[in-house]
J.: 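This is the structure, below, for whatever I ask next.
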Amino acid sequence: MTDDTPLDASALAAHFLADARLTFAKYKALAEGAMAQMSDDALFVAPDDGESNSVAIVVRHLAGNMRSRWTDFLTTDGEKPGRDRDSEFEPYDPSRATRTALLEDWESGWRALFDALDGLEPGDLGRTVQIRGEPHSVTQALTRQIAHYAYHVGQIVYVAKMLRAGDWKTLSIARRASRRFNEELGHRP
């Protein structure tokens, strides 16, 4: 929003939906930027003794969560009976661990999310949906998922950066470059 004109409730709801879509898209792009810097093998490497997750495991979890939460979003519980969340955290079978399969899984989750989001109308924000039997307004469910996905995208970026060591290309403002970045935007603190 660029002006200070107050919005009516419907316009505010439409703005919230557009902003939620943009926020999800930014997190998707951030994770993809991190994964693009990783070798195929590195996607499946956990950074410790097995208590941490590889990027692939986080991706599988996010994709499973998205398909569960967003399929029939307004009409069924967000934790679908067919979802096996625990299996999302199991190690990959090396014979089936490919970047292509991983990214197909990733895209199917995001497709479910964006299809559901694109089908929402401003009037839907106050509707009630269920997640594990707990009622949420659509607004609450959206903000819950934004926070959840941001948490896991942060993990993806952190693991990717750690495994790339000194060969990492920043996905945001580089260290010691904030002043220059602000000046390029015409902002002078």
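None of the values given here were measured: they were computed from a predicted structure.
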J.: Less than 4.5 Å apart, side chain to side chain, heavy atoms only: is that true for Trp168 and Val157?
T.: yes
J.: Could you pull out the closest heavy-atom pair between Phe24 and Trp70, with the gap in Å?
T.: CZ-CZ2, 4.1 Å
J.: What pair of heavy atoms forms the shortest contact from Ala160 to Met38, and how long is it?
T.: CB-SD, 3.5 Å
J.: Please list every donor-acceptor pair under 3.5 Å in which a side-chain atom of residues 124-135 meets a protein atom from a residue at least two apart or in another chain.
T.:
unit_1	atom_1	unit_2	atom_2	d
Asp124	OD1	Arg127	NH1	3.4
Asp124	OD2	Glu121	N	2.8

J.: Around Tyr27, counting heavy atoms of other residues, nucleotides and ligands shown, do more than 12 lie under 6.0 Å from its OH?
T.: no
J.: Could you tell me which residues satisfy salt bridge (charged side-chain N to carboxylate O under 4.0 Å, His left out) with Asp115, sequence neighbours excluded, listed by chain and number?
T.: none
J.: If we ignore hydrogens and angles and just use 3.5 Å, is the side chain of Thr23 paired with the main-chain N or O of Asp19 as donor and acceptor?
T.: yes
J.: Take Asp105 and Arg67 through the salt bridge (Lys or Arg N to Asp or Glu O under 4.0 Å) test and state the conclusion after the steps.
T.: CA-CA 10 Å; Asp105 195 28; Arg67 284 188 299 272; 2.7 Å; yes
J.: Please lay out, stage by stage, how Leu120 and Phe73 fare under the test side chain to side chain contact (heavy atoms under 4.5 Å, CB included).
T.: CA-CA 10 Å; Leu120 294 176; Phe73 173 65; 4.1 Å; yes
J.: Could you tell me whether the side chain of Arg99 reaches within less than 4.5 Å of the side chain of Leu102, counting heavy atoms only?
T.: no
J.: Quick one about Asp93 and Ser95 (side-chain donor to acceptor, distance below 3.5 Å, no hydrogens or angles considered), yes or no?
T.: yes
J.: Determine, using the 4.5 Å side-chain heavy-atom cutoff (strictly less than), whether Leu12 and Leu17 are members of one ILVMFWY cluster.
T.: no
J.: Going by atom types alone, do Glu88 and Asn65 pair a side-chain donor with an acceptor below 3.5 Å?
T.: no
J.: Give the minimum heavy-atom separation between Ile156 and Met35, together with the two atoms involved.
T.: CG2-CG, 4.1 Å
J.: Going by heavy atoms in the side chains, are Met66 and Arg111 under 4.5 Å from each other?
T.: no
J.: Is there a side-chain contact between Phe16 and Leu142 in this structure, where contact means two heavy atoms from C-beta onward sitting under 4.5 Å apart?
T.: yes
J.: Counting N and O atoms only, with roles assigned by atom type, does the side chain of Asp72 sit under 3.5 Å from a partner on the main chain of Thr75, one being a donor and the other an acceptor?
T.: no
J.: Measure across Ser10 and Pro122 and return the closest heavy-atom pair with its distance rounded to 0.1 Å.
T.: O-CB, 3.7 Å
J.: Is Thr98 close to Asp40 at the side-chain level, that is, under 4.5 Å between some pair of heavy atoms?
T.: no
J.: Which heavy-atom pair separates Ala112 from Thr71 by the least distance, and what is that distance?
T.: CB-OG1, 4.3 Å
J.: Would the distance check show the side chain of Glu32 and the main-chain N or O of Ala29 forming a donor-acceptor pair, the cut-off being under 3.5 Å?
T.: no
J.: Any side-chain to backbone donor/acceptor pair from Asn53 onto Ile57? Under 3.5 Å, distance only.
T.: no
J.: Is the charged tip of Arg60 near the ring of Tyr92: under 6.0 Å from the six-membered ring centre and within 45° of its axis?
T.: yes
J.: Do you reckon Tyr149 sits in the same ILVMFWY cluster as Phe89, going by side-chain contacts under 4.5 Å, direct or chained?
T.: yes
J.: Hey, quick one: are Leu74 and Leu117 part of the same hydrophobic cluster, counting side-chain heavy atoms closer than 4.5 Å, chains of contacts allowed?
T.: yes
J.: What pair of heavy atoms forms the shortest contact from Lys80 to Arg69, and how long is it?
T.: NZ-O, 4.3 Å
J.: Looking at Asp48, is its backbone amide N or carbonyl O close enough to the side chain of Ser52 to form a donor-acceptor pair, meaning the two atoms are under 3.5 Å apart?
T.: no
